[in-house]
Amino acid sequence: MNRPIRPKTSSIPKPSALTKPFWDAAKEKKLVIQYDPDSRCYQWWPRALSVKTGKMNLEWREVSGNGNLYSYTVTHVPALGFEDKVPYLVGLVELDEGVRIISNLSGITEDNAKIGMPLRVTWEKLTDDINLFSFAPRNAE
Amino acid sequence: MKDNFLRSKDIAIIAYGETKLERRSGKSPYELASQVAAELLGKTQLSPKDIDGFGTNATMSDCTNPFYSNFCADYLGLSPRWLQTSDLGGCSATGNVARASAAIMAGLCETVMLISADAPSTQMRPFYGGYRSEFFEPTGIQGPPGAFGLLMHRYMARHELKFEALGKLAVAQREGAVLNPNAYEKNRVPITVNDYLTARMVSSPLRLLDSVMYCDGSNGLIVTSTSRARKLGAKKMVHPIAYAEITNFDAANMTPDITETGFSVVGPEALQKAGMSPKDICMFHPYDDFLIAEMLQLEQIGFCARGEGSRFLLETDVSYRGTLPINTGGGQISAGQPGLAGGGLNLVEGVRQMFGEAGERQVKNTGNAIVTGIGVIPYGRNWGSSSVLILEA
């Protein structure tokens, strides 16, 4: 046996009823995040209940799309399906609204990546229905 | 202080078993578990009908089977009255010692076989629900190395990280693997600090020799009441004397410090339960998916202060000869990671050392050991589960 048998995977997101508002907004290049009006906190990633209160009282709100780079890594051994992109950067981006989002980074290389650098959301068209978020240096726009 | 149900040493580990680690063995976890079961039964002179409790780990290789522990019992010819699959990843093995101890003390069973087995280099079947397929995988983040690359860069933004300190740990563990006949054979050659510093980059700043490699393998223990251990005439035994575990540390915090882990809670708690301080610890067998995880554990369990991990490693002999031996059999990083059975690798090494059966790599002081577990890579946090088990002679 040469290679372990792996399940087929796809890097194209498949929205559910719960996450559809996020991907619908993404199609319009708007970043929306769940907001808990009881605790007055945003939370990321999409869930059916608030992790602060345990209540199922959440709404989607459009956010600024601004944040900063909390940390990053330069990927040299790629995830499945990303073989043609190496080396590529993945970041943990802290949005101004107080949540962190894992994202690929555009317009940033290992040489100019800096923890704390200001970033802004951009969108990459994966299919006719799916725009995927990415983050780029804020001064680039 | 929280109550410690293990304080009175009512529970004993009376045998350990382990397979050699192989790549692409072509074996199922059932076959690998069988080899360990036969070793455990042979060493204790027990028969399958004497085993009334069985615990194991959820696997990478057969995790699509929703009745896994039941299938194991059937395969091994057991009729357990207490049966458990733990899906705590690298915390499953230490977690199962605590769960089995509680089950024995509650009277659910008396003689427990705990086996960790997995064969991810032969077969990988996981599918992750939740956020993974929509919000994690599409970003291209390379699973555990990606998460630990993020963690290392953040640590470096806050503290001084000396790569030669991690290199020294890598070299010490490799020396253990060279002396460990069960280690993956291709890893049984010495390395130098320079080999570590110049290894291929995987997910910067994390390099190949920071990381584990998947193997196939199995390991396990027999756990029973101390009174039954004496009746059975067990010649050697060690006692689990304290255990603490936490999952999803700092759960509701959307912007946690990703370098701060559950060990900051369960490390001090387990030591307090055992009535010990880090200075009392004879040897340390930390879960080692990545070298930086061991450094964070040293800091957060309390062997040194936050940010002092590099200095501590450079000043301390962590080889089997040293003042604080760490992962003397090579750990997962040098001996190989048998998938989600990996949490048992360092546990079995701790028991083997305390039994005085570690051969050329035997440590001198075998009075106690700390064994830890780390389980599951979460979304943008440090890691999912942290466990600390303290064993005493």
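So that the names make sense, note that chain A is the first sequence line, chain B the second, and so on, each numbered from 1. Given the structure is predicted, the values throughout are model-derived calculations rather than measurements.
With a 4.5 angstrom heavy-atom cutoff, B:Asp257 touches chain A via backbone and side-chain atoms both. Of the atoms belonging to A:Trp45, it is side-chain heavy atoms, and not backbone ones, that fall under 4.5 Å from chain B. Contacts between B:Ile258 and chain A at a heavy-atom distance below 4.5 Å involve backbone atoms as well as side-chain atoms. With a threshold of 4.5 angstrom between heavy atoms, A:Thr75 approaches chain B through its backbone and through its side chain. Interface remark: B:Arg23 contributes no atoms to any contact with chain A (heavy atom separation under 4.5 Å). Of the atoms belonging to A:Ile115, it is side-chain heavy atoms, and not backbone ones, that fall under 4.5 Å from chain B. Contact of A:Glu124 with chain B is not made at all, since no heavy-atom distance falls under 4.5 Å. Heavy-atom distances place the side chain of A:Leu132, and not its backbone, under 4.5 Å from chain B. For A:Tyr42, the part lying under 4.5 angstrom from a heavy atom of chain B is the backbone only. The parts of A:Gln43 that come within reach of chain B are both its backbone and its side chain, each placing non-hydrogen atoms under 4.5 angstrom from that chain. Only the side chain of B:Phe136 comes within contact range of chain A, with at least one heavy atom under 4.5 Å from a heavy atom of that chain.
Using a cut-off of 4.0 Å between Lys/Arg side-chain N and Asp/Glu carboxylate O, A:Arg61 and A:Glu97 are scored as not salt-bridged. Using a 4.0 Å cut-off between charged nitrogen and carboxylate oxygen, A:Glu94 and A:Arg100 count as a salt-bridge pair. Ion pairing between a basic and an acidic side chain is recognised when a charged N comes within 4.0 Å of a carboxylate O; A:Asp129 and A:Lys27 show such pairing. Under 4.0 Å is where a charged nitrogen must lie from a carboxylate oxygen, and between B:Asp62 and B:Arg125 at least one such pair does.
A:Leu92 contributes atom CG, which lies 10.0 Å from atom CG of B:Leu151 (distance to the nearest 0.5 angstrom).
With contacts defined as side-chain heavy-atom distances shorter than 4.5 Å, the pair B:Tyr68/B:Pro29 qualifies. The shortest side-chain heavy-atom distance between B:Val376 and B:Leu88 does not fall under the 4.5 Å cut-off.
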Go through it in stages, so that I can follow the logic: the residues are A:Trp123 and A:Leu31, the test is side chain to side chain contact (heavy atoms under 4.5 Å, CB included), and I'd like the CA-CA distance, side-chain angles, deciding distance and then a yes or no. CA-CA 9 Å; A:Trp123 298 94; A:Leu31 183 61; 3.9 Å; yes

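Annotation: maximal heavy-atom pairing with chain B below 4.5 Å, among A:Leu89, A:Val51, A:Leu126, occurs at A:Val51. The greatest number of non-hydrogen atom pairs below 4.5 Å with chain B, out of A:Trp23, A:Phe82, A:Tyr72, is found for A:Tyr72. Looking only at heavy-atom pairs under 4.5 Å with chain A, the residue among B:Ala119, B:Gly130, B:Gly140 that has the most is B:Gly140. With chain A as the partner, the residue from B:Ser203, B:Gly146, B:Gly149 showing the most heavy-atom pairs under 4.5 Å is B:Ser203.
The closest donor-acceptor contact from the side chain of A:Ser134 to the backbone of A:Thr122 lies at 3.5 Å or more, if one exists at all. No donor-acceptor distance shorter than 3.5 angstrom exists from the side chain of B:Gln173 to the backbone of B:Ala170, with no hydrogens or angles considered.
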